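Below is one structure, written out as structure tokens, with a few remarks after it.
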There are 2 protein chains.
Amino acid sequence: MAARETNPNFMNGVPELLILRLLQQEEMYGYEIVQAIRSRTGAVITIGEGAVYPVLHGLEHDGALASSRKTVNGRSRIYYSVTHAGSSRLADLAEAWTHLTAAIQTILTGGQHGEAIQRTS
Amino acid sequence: MAARETNPNFMNGVPELLILRLLQQEEMYGYEIVQAIRSRTGAVITIGEGAVYPVLHGLEHDGALASSRKTVNGRSRIYYSVTHAGSSRLADLAEAWTHLTAAIQTILTGGQHGEAIQRTS
DNA sequence: ATACTATACCTCACAGTTCGATGCATTGCA
DNA sequence: TGCAATGCATCGAACTGTGAGGTATAGTAT
């Protein structure tokens, strides 16, 4: 936890951020989340199951998510939903993400000259 | 290099991106870069020397940076500047970064409902 | 029936990164 | 002479995601 003292290691929590946000919009299960992230980002971002499940478990352990096992068509699925604590966590992560991207943007745009970055190819 | 096949591990190249951009604007030396990143981002981002020097060396090795040793006030400094190849690399990284943040933004804003994320605290 | 694919859960070893500490050398100041 | 700041550089510890692998059920094609 504690997200390191200095930087949140930059993207430390991106998977967590995306997962929380997705679940806040709609209750989902692990396998579904993996596909949702891939399809909604046009495959730009792909978070594998090996990364999703551990996050899900950790988040539930921290009380940010609540799970309920449901059987659909004989398939057992574990649906996760965001708790009150989870919403706070999402808000914190979203805010951190905003600060981070803003900071990077500041350097990318060169502060005030506003030079555009051109492709040389 | 090759930037992995799937995701560029998300931020894989943020330090590289920032350093290249900084050097493209102005010739700098390692120690100066560390402080520049910290100050220009309002301490939101801090990339330690342990991360900066390896990037500098790797980039130079790849021909993206050129170095020149200069002595100022008896202090020996190694100034780095971006080469043509380095500019291409910067453009690529900047583009990847743009795609990545756009993708994340898509999920954060919930696609089309445009729900805002509110702090619950 | 049997095979194969998709669904659905989960875990682990490996690779790649960054952090923080540390070491060395020189300059300026008290 | 002692101490702080500057400046370069490297190393080990810790963290994270990838990719592969494992289990099991349902549906579809052969």
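Not measured: the values here are computed from a predicted model. Each chain gets a letter, A, B and so on, in the order its sequence line appears, and its residues count up from 1.
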Practice problem: Give the rounded distance in Å between these two atoms: CG of B:L100 and P of D:dG17. | Solution: 13 Å
Nucleotide N/O of nucleotides 24-30 of chain C paired with protein N/O under 3.5 Å:
{"residue": "C:dT27", "atom": "O2", "partner": "B:R75", "partner atom": "NH2", "Å": "3.4"}

Self-check item: Between P of D:dT25 and OH of A:Y29, the distance in whole Å
Solution: 18 Å
Quiz item: Among all residues two or more places apart in sequence or in another chain, which pass the side-chain contact (heavy atoms from CB on, under 4.5 Å) test with A:V34?
Solution: A:E49, A:V52
Exercise. Any chance you could lay out the side chain to side chain contact (heavy atoms under 4.5 Å, CB included) test for A:I33 and A:L56, step after step, and finish with the verdict?
Key: CA-CA 10 Å; A:I33 293 173; A:L56 248 21; 4.0 Å; yes
Got a list of protein N/O to nucleotides 11-14 of chain C N/O distances below 3.5 Å?
none

Quiz item: Whole Å only: how far is the CD1 atom of A:I78 from the P atom of D:dT23?
Solution: 19 Å
Exercise. With sequence neighbours excluded, tell me which residues meet ring pair (Phe, Tyr, Trp, His ring centres under 6.0 Å) with A:Y31.
Key: none
Quiz item: To the nearest Å, how far apart are A:R69 CZ and D:dA24 P?
Solution: 14 Å
Quiz item: Can you name the side-chain contact (heavy atoms from CB on, under 4.5 Å) partners of A:A36, sequence neighbours left out?
Solution: A:L22, A:M28, A:R40
Quiz item: Taking only residues at least two apart or on different chains, which pairs with a member in residues 33-63 of chain B satisfy ring pair (Phe, Tyr, Trp, His ring centres under 6.0 Å)?
Solution: none
Practice problem: Kindly write out the residues that satisfy side-chain contact (heavy atoms from CB on, under 4.5 Å) with B:R75, not counting sequence neighbours, or none if the list is empty. | Solution: none
Quiz prompt | Closest listed nucleotide, where the reference is the side chain of A:Q35 and the choices are D:dG7, C:dT7, D:dA9 | solution = C:dT7
Taking distance alone, no hydrogens or angles, what donor-acceptor pairs closer than 3.5 Å link side-chain atoms of residues 66-74 of chain A to residues at least two apart or in another chain?
{"residue": "A:S67", "atom": "OG", "partner": "A:E60", "partner atom": "OE2", "Å": "2.6"}
{"residue": "A:R69", "atom": "NE", "partner": "A:S76", "partner atom": "OG", "Å": "2.9"}
{"residue": "A:K70", "atom": "NZ", "partner": "A:E27", "partner atom": "OE1", "Å": "3.1"}

Quiz item: Roughly, in whole Å, what's the span from CZ in A:R38 to P in C:dA6?
Solution: 13 Å
Practice problem: Indicate whether OP1 or OP2 belonging to C:dC9 is found under 4.0 Å from a side-chain N or O atom of A:Y31. | Solution: no
Quiz prompt | A:R77 CZ - C:dA6 P separation (whole Å) | solution = 16 Å
Quiz item: Between the side chain of A:R21 and the main-chain N/O of B:L108, is any donor-acceptor distance below 3.5 Å?
Solution: yes
Exercise. Nearest whole angstrom, please: distance from the C1' of D:dT6 to the CD of B:E32.
Key: 12 Å
Quiz item: Roughly, in whole Å, what's the span from CD1 in A:I45 to P in D:dG17?
Solution: 12 Å
Practice problem: Give, for atom CG of A:L20 and atom CD of A:Q25, the distance between the pair rounded to the nearest 0.5 Å. | Solution: 11.5 Å
